[in-house]
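Input: a single structure, listed below in structure tokens.
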Amino acid sequence: MPASIFSALCSRFGEQLFHEQLTRDETPTIWTPQGKIVPVLEYLRSEADQPYRMLYDLTAIDERACKSKYNGTCEFTLVYHLFSFERNAFLRLKVALRGEFPVTPSITHIWPSANWYEREVFDMFGIRFDGHPLLRRILMPTTWEGHPLRKEHPARATEMGPFRLFPEKEDREQEALQFDPEEWGLRRQSDDSDFMFLNIGPQHPGTHGVLRIILQLDGEDIVDAVPDIGFHHRGAEKMGERQSWHTYIPYTDRIDYLGGVNNNLAYLLSVEKLAGIHIPQRAEVIRVMLCELFRIASHLVWYGTFAQDVGQLSPVFYMFTDREKIFNIIEAVCGGRMHPNWFRIGGVAQDLPQGWDKLVREFVQYFPKKLKEYDKMVMRNALFKARTVGIGVFSLEEAIDWGATGPNLRACGMDWDMRKKRPYSGYEHYEFDIPTGRNGDCYDRAVVRVQEMWESLRIVEQCLNNMPEGPYKSDHPLATPPVKQYTMQDIETLIHHFLHVSWGPVIPNGEAMIVTEATKGWNSYYLTSDGNTAPYRVRVRTPSFAHMQMVPYISRGYTVADLLSILGAMDYVLADIDR
């Protein structure tokens, strides 16, 4: 790790306070005393040379069942991931927590984005944050008993006994659904007027899924907004603890369910970093091509539904038709459409079928004309501009404070794309530009995504014209499953195939996190292995979670109609929020 980070902290706070940990992803990892974490984070955020201005993620690990935990004296570990744009580097800080239900200081005064992350850690682990403005459950119902990511909490419904809704339980659940503004941090009235409270969702079409937003209105103006998430929560991180490294791949498809194999890639890059697996060049190019096709497909859904949100009905039908053309390619290559579950540890499931290039070439030639048509239909439409220009504005500094990434960050003028700045899967070999905006409003966020479709098309065309020969999967013994043709040639490979399909590979001890530029922003899987056939901890950091937390901040002062523009321009997916 760069000595400057560790040395700067030791020089500032004392040499004996910190301890370095080597990790497989080579991210600088520093154990920090619990009593010093707040001043350390304040220093890193504002005073350090080339500061870490973004709180990328905050999560926890229940260490009590770990066979090979690094710090043997703690029951829980609190993990902070910070990012410095100046350094182009992540920093991982760890805090050892002791006791069955630890208490630690809140950092919401340092980063506003810490609010939801701390609530999630409290909800999932029972760790309390002293000084948090509204520490209540965020994903689970308020009546839920226990904290799901603690090791003693059941992982399967069969471990919990049959569900029965007794009358008293039904009454208790109904009572918990009663809306009390003060419980959500809202006021009933101001000095000169009573506020009105309006529920939007969780069945409203403008929320794009099971999302509830509670609005506090003064007339038609939004005074405050409270997103109520968790309706979609499926326990994706908990499921990761009971699936093998291989069988967890299909679960990733369902997180950003519009991003397809982009979810597979974020997960598998971390697994492959843990296992030390090198990916063949052909497999990397295949992965990139399919990821960019899914990026276009995801942006088409956003494009059509955003236009529909602000009053245009026709575009969504045209754009879904073009999305079907992409799905025809995906289906021909993978056998599946929205959730192909096609990437594998070490490569992809099969080689490209005969005729794949014809399908891709036809789409590459067909789609530019449609993009130009949509530009006239939507982006140059005067009513569309009236509903989006100057609406939902946030600055670059605010975007970084709230953890905004992807197109939402680039719309503020920063040309930061992980595919360019921290290349993975061979993206450094492709020619493409990074579209940016200037004003950070709903219209600029739309401009960036539209331009990204042009750039993805360029990347797909380069994959088409430069597809290398070679294997589609690594020959590493932990690649799952091994290439089938070799199983008929030697007994060792046959044994590996049998064990890896039935039990899954045993991934070495360690931890890793590789961050990818997914369709909606930065996506990563922070994986911890204790040398078993299943992950010890799976942390899924999704862009939509951070973006939805911004909605109240950027909605205040606008109207209800503007809120639908703001939600549409954010381009979130509910499962990407709730996991």
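Side-chain atoms are counted along with the backbone in the values below, which use heavy atoms only and exclude waters and symmetry mates.
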Side chains of Gln549 and Trp402: do they bring a donor and an acceptor to under 3.5 Å? no

Output field: ring centroids Tyr267/Tyr525 closer than 6.0 Å: yes

Could you tell me whether Glu428 atom CD has more than 12 heavy atoms of other residues or ligands within 6.0 Å of it? yes

Counting only N and O atoms by type, is there a donor-acceptor contact under 3.5 Å from the side chain of Arg579 to the main-chain atoms of Glu237? no

Between Asp576 and Ile255 (side chain of the first, backbone of the second, donor and acceptor by atom type, cut-off under 3.5 Å), is there such a pair? no

For this output row, return yes or no: ring centroids of Phe90 and Tyr56 closer than 6.0 angstrom. yes

Verify the distance criterion only: is there a donor paired with an acceptor across the side chains of Asn263 and Thr252 at less than 3.5 Å? no

Pair Glu292, Ser456: side-chain N/O donor-acceptor within cut-off below 3.5 Å: yes

Relative to each other, are the rings of Tyr427 and Tyr424 parallel, tilted or perpendicular (30° and 60° limits)? perpendicular

Validation row, ring centre Trp416 to ring centre Phe85 under 6.0 Å: yes

Say whether Lys520 and Thr405, considering side chains only, have a donor N or O and an acceptor N or O under 3.5 Å apart. no

Quick one about Thr59 and Asp57 (side-chain donor to acceptor, distance below 3.5 Å, no hydrogens or angles considered), yes or no? no

Taking atom types as modelled, is there a side-chain donor on Thr528 or Arg537 under 3.5 Å from an acceptor on the other? no

Among Arg449, Glu452, Arg323, which residue satisfies the side chain to side chain donor-acceptor pair (under 3.5 Å) criterion with His299? Glu452

Could you tell me how the ring of Tyr374 sits relative to the ring of Tyr303: parallel (under 30°), tilted (30 to 60°) or perpendicular (over 60°)? perpendicular

Is the CZ atom of Phe231 crowded by more than 12 outside heavy atoms at less than 6.0 Å? yes

So, Tyr536 versus Glu241: side-chain donor-acceptor pair below 3.5 Å or not? no

Is the distance between the ring centroids of His81 and Tyr526 under 6.0 Å? yes

